[in-house]
Novice: 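I am attaching a structure below and will ask some questions about it afterwards.
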2 protein chains.
Amino acid sequence: MYSKNRTIDEIRKFNRFYTVNMGFLSSNYFGSDYSIAETRILFEIMTQGICIQSDIVKLLHIDKSYLSRMISRLCKKGLVEKRKSKHDKRAVEIMLTETGKSESEKLIALTNRRIESQITELSSDKCDKLCAALCTVMTILDKEKD
Amino acid sequence: MYSKNRTIDEIRKFNRFYTVNMGFLSSNYFGSDYSIAETRILFEIMTQGICIQSDIVKLLHIDKSYLSRMISRLCKKGLVEKRKSKHDKRAVEIMLTETGKSESEKLIALTNRRIESQITELSSDKCDKLCAALCTVMTILDKEKD
DNA sequence: ATAAAAAGTTGACAAAATCCACTAAATGCA
DNA sequence: TGCATTTAGTGGATTTTGTCAACTTTTTAT
């Protein structure tokens, strides 16, 4: 089918463009003290509020042992707190500490500045078009919609 | 400025969506024997034909020593061939071997199937909209345009 | 002519990620 | 109710990935 193949090519082209453009290939998340994965984990915990590790595993599709270690590390750094779940004694509830919250905020601010520097010269018209396009992509590709 | 901040938020949201959706976070490029980086390198050499390492470094923004080792590895696997450049005696020309070409083709076919499985249920109308949106994003964000 | 820059290689590491086996608790089901 | 299966998490061992700096050789620029 023609449009399918064209779409696949377009997605591959986009992936190539986007991984380089956003710097996902060289993965030191630009100067910040946190890796992409750490950043994502912090962000997810922040938006979830209180959650358990397997929530994050499902959300981010990462290895559970990897996450376990990551969480321990974030605990040691004082950004995350663990406690036994009452409902499920296997599970460990995790949440951000106050330090964790403020660090996450800083981290977000940092990425914001980085992104801002990539779009400084865009007119507000182009910004609107970009937002609309990104939104379209997400809506069309989102699996968990219905 | 309002539209800038909204745009930044939208890009961040998109990044979160896209890294998970495309599986860039758990980086074993889905069953294939090659990592994302290797895949990208093979693809670039294929599209460049004959090139030198620093071309790839510039294209993908990766560390030159990392690439150097990567290339050596791909040579050992028989996918890439090196030879001294005539014009520039510092440089090493690199190109795909026949095996390298066919492996790259297979690799592309594999990613294509993976992507296809993500868009099977899309109508051709949605495909068109998706392509247009991706294209818009690239056009607006592309730095090396002018 | 000579200093600076560019291409690539190598060593030494550090960080990231995976695989596997294991414990303990919860769930399914017959 | 009892037993098998699944789920949540941990820790060991290892591999893969990526970084940094030092060094050689060649080219470029002034």
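Proteins come first, then strands; the chains are lettered A, B, ... in the order of their sequence lines, and each starts at number 1.
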Novice: What is the distance from CZ of A:R40 to C1' of C:dA16, rounded to the nearest Å?
Specialist: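 Distance, rounded to whole Å: 17 Å.
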
Novice: To the nearest Å, how far apart are B:K86 NZ and D:dT26 C1'?
Specialist: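 Between C1' of D:dT26 and NZ of B:K86: 16 Å.
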
Novice: If you look only at pairs with a residue in residues 66-75 of chain A, which of them pass as a salt bridge (charged side-chain N to carboxylate O under 4.0 Å, His left out), with sequence neighbours excluded?
Specialist: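 Salt bridge (charged side-chain N to carboxylate O under 4.0 Å, His left out) check on residues 66-75 of chain A returns A:E38-A:R73.
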
Novice: Could you list the residues that satisfy side-chain contact (heavy atoms from CB on, under 4.5 Å) with B:T136, not counting sequence neighbours?
Specialist: A:A133, B:I140

Novice: Among residues at least two apart in sequence or on other chains, which ones pass side-chain contact (heavy atoms from CB on, under 4.5 Å) with B:V80?
Specialist: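 So B:V80 forms a side-chain contact (heavy atoms from CB on, under 4.5 Å) with B:L42, B:I45, B:I71, B:L74, B:C75, B:I94, B:L96.
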
Novice: Please report the distance, rounded to the nearest Å, between NZ in B:K76 and P in D:dT16.
Specialist: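 Computing the B:K76:NZ to D:dT16:P distance gives 13 Å.
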
Novice: What one-letter contact string describes nucleotides 3-13 of chain C from 5' to 3', where B marks a base within less than 4.0 Å of any protein heavy atom, S marks contact via sugar-phosphate atoms alone, and - marks no contact?
Specialist: ---BSBBBBB-

Novice: Specify the separation, in whole Å, of atom CD1 of A:I62 and atom C1' of D:dA8.
Specialist: 14 Å

Novice: When you match A:E38 and A:H87 each to their closest nucleotide on DNA chain C, which lands nearer the 5' end?
Specialist: A:E38

Novice: Holding to side-chain contact (heavy atoms from CB on, under 4.5 Å), I want the full list of residues that pass it with A:D55, two or more places apart in sequence or in another chain.
Specialist: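 side-chain contact (heavy atoms from CB on, under 4.5 Å) check on A:D55 returns A:C51, A:I52.
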
Novice: Between A:R83 (CZ) and D:dA8 (P), how many Å, whole number?
Specialist: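 These atoms are roughly 19 Å apart.
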
Novice: Taking the minimum atom-to-atom distance to the side chain of B:K89, which one of D:dT26, C:dA16, D:dT17 wins?
Specialist: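 Looking only at heavy atoms from C-beta outward on B:K89, the closest nucleotide is D:dT26.
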
Novice: Send over the distance from A:I56 CD1 to D:dT7 P, rounded to a whole Å.
Specialist: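 Atom-to-atom, A:I56 to D:dT7, this comes out as 18 Å.
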
Novice: Atom CD1 of B:I41 and atom P of D:dT16: how far apart are they, to the nearest Å?
Specialist: 16 Å

Novice: Without decimals, in angstroms, what is the distance between B:I36 CD1 and D:dT17 P?
Specialist: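 So the CD1-P distance, B:I36 to D:dT17, works out to 10 Å.
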
Novice: Between the side chains of B:S65 and B:D63, is a donor N or O closer than 3.5 angstrom to an acceptor N or O?
Specialist: yes

Novice: For B:K13, which residues count as a salt bridge (charged side-chain N to carboxylate O under 4.0 Å, His left out) partner, sequence neighbours excluded?
Specialist: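 Listed in chain order: nothing, the list is empty.
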
